[in-house]
Structures are given as C-alpha cells and as structure tokens.
Undergrad: 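Let me begin by handing over the structure; questions about it come next.
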Amino acid sequence: MDSERPDSGRRELWAWVVATALGCLLVLVAAGQTWARVLRNDGGAAPTGGDLSPALTPVALAGLAGIVAVLATKGLGRRLVGALLALCGAGAAAATWTALSGDNVTDWLREQNVLHGATDLPWESAPLWPAVAAAGAVLMVAGGILAVVRGGGWAGMSARYSREAGAPAKETAQVKDDKALWDALDRGDDPTDSR
C-alpha cells in the first residue's frame, strides 16, 4: 500500500507540470496572435495580444520559470513560488481583460496607422486568442494554488549527489578497475581521491 503513494504523488506532480506549463504556453502563444481585426482593408496593421498588453509575454515566461522553481524547491520555498505562480496567472488574466478594452484597441490602431491617414479605424475583436489566453491564465492560477496547497507532498529534486550537513565524508580506497570506479561514483565517493 505504501509503495503506491510515491507513484501517485509523482503522477500528481507531473500532471501539475504538464497542466501548468500548458497554461503558460497558451498565454505565450496567444500573445503573439491577432486579437483585433481592422474592418476597413486599407493596409492598416492589426494588433496582437502582446501589442495590446505587453505584460502577457513576461508573465507567461515568469510562469514557466516558476514551474522549474517549484520542481527545485521544497517546503515553504515551494509554497512561496506557487503563490508567485498564481500571481503570474492573475497578471495574465488582468492583462487579457484590459487588452481588449475599446479605448486600448482604438488608441493602438490610431498610433500605428497614423501614416496611412486613418484616425478612427473600425475594428472587431478576434475572440479566439483572448479566450485561449484566458484559459491559460486560469491554468496558471490553478497551478499556483495547487502548488501552495499540495506541493508539500510532492517529491523534490534528487539529493543523491549532495552530502548531508552533519555526515562525515566517507573514507574511500583507491579503486583500480572500472566496475569499482562506477560503484564509487554511485555511492557519491570520489574515486580519484588518493587519501
């Protein structure tokens, strides 16, 4: 029965990694796509999500870094990183919400298309990519909250090659053959040490 628990914890951790990374990638991909279409076709530029809300790409990249940080930390550090990851998701949600405000899009179109002589271009939102970014933001928030709540039970990075603080260094003998060399490396000993 106990042998099943580490496997389920590991599965939960990797399911979390996949879902949270998917959320970050959805925000990142959506930020590069067109979020508003110009209805008058006179060569005017159409804005991407990153144009309308420059915060989308940085919070998605910070979220990806947060996933790695959750894997590398334990305990309170993992919970703090999980909280920061949830904040990145909230930032992505807020950036998605404000990106498509009418004034924001109109101002962007006016600034970018001034050379074409267009001041008030008619536009409509392209709802797919903002929805994708919103879904990614929800996954990021959920992933951050889950890391805070459940992250303490997840395995951390392997401590196989790090020595315990109070443990004395093992005395090792000089090894002569290849198998003994690899066995010494597996134990964490330095086979080249000639003590």
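Every heavy atom of this structure was used, including side-chain atoms; hydrogens, water molecules and symmetry mates were not.
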Undergrad: With C24 as reference, evaluate V59, I67, L139 under the side chain to side chain contact (heavy atoms under 4.5 Å, CB included) test and give the passing residue.
TA: I67
Undergrad: Would you please name every residue forming a side-chain contact (heavy atoms from CB on, under 4.5 Å) with A30, sequence neighbours left out?
TA: W35, W129, V132, A133
Undergrad: Does V17 share a hydrophobic cluster with V149, counting links as ILVMFWY side-chain heavy atoms below 4.5 Å and allowing steps through other members?
TA: no
Undergrad: Other members of the hydrophobic cluster containing V138, with the 4.5 Å side-chain heavy-atom rule, please.
TA: none
Undergrad: Could you give all pairs that pass the salt bridge (Lys or Arg N to Asp or Glu O under 4.0 Å) test and reach residues 86-102, with sequence neighbours left out?
TA: none
Undergrad: Can you list everything that forms a side-chain contact (heavy atoms from CB on, under 4.5 Å) with L80? Sequence neighbours excluded, please.
TA: L76
Undergrad: Remaining members of L84's ILVMFWY cluster at a side-chain heavy-atom cut-off under 4.5 Å?
TA: L87
Undergrad: Is there a path of hydrophobic side-chain contacts, each under 4.5 Å between heavy atoms of I/L/V/M/F/W/Y residues, joining L85 to L25?
TA: yes
Undergrad: What's the shortest heavy-atom distance between A137 and A93, and which atoms?
TA: CB-N, 3.5 Å
Undergrad: Residues in side-chain contact (heavy atoms from CB on, under 4.5 Å) with L146, at least two apart?
TA: W16, R150, W154
Undergrad: Can you name the residues that form a side-chain contact (heavy atoms from CB on, under 4.5 Å) with T48, not counting sequence neighbours?
TA: D51
Undergrad: Could you report the tightest heavy-atom contact between L56 and A31, atom names first, then the distance?
TA: CB-CB, 3.8 Å
Undergrad: Can you list the steps and then say if L71 with L13 is a side-chain contact (heavy atoms from CB on, under 4.5 Å)?
TA: CA-CA 9 Å; L71 293 174; L13 171 64; 3.8 Å; yes
Undergrad: Out of curiosity, does I145 fall in the hydrophobic cluster containing M140 (side-chain heavy atoms, cut-off under 4.5 Å, transitive links)?
TA: no
Undergrad: Passes side-chain contact (heavy atoms from CB on, under 4.5 Å), T96 versus V27? Steps please.
TA: CA-CA 9 Å; T96 300; V27 172; 5.9 Å; no
Undergrad: Given the rule in the side-chain contact (heavy atoms from CB on, under 4.5 Å) test, do L64 and V68 qualify, once you have shown the distances and angles that lead to the verdict?
TA: CA-CA 7 Å; L64 288 171; V68 175; over 6 Å; no
Undergrad: What's in the same ILVMFWY side-chain cluster as V148, cut-off under 4.5 Å, chained through other members?
TA: none
Undergrad: Do you reckon W14 sits in the same ILVMFWY cluster as V81, going by side-chain contacts under 4.5 Å, direct or chained?
TA: yes
Undergrad: Under 3.5 Å, side chain of T73 to main-chain N/O of A69, donor-acceptor pair present?
TA: yes
Undergrad: What are the two closest heavy atoms between C88 and G63, and how far apart are they?
TA: SG-N, 4.2 Å
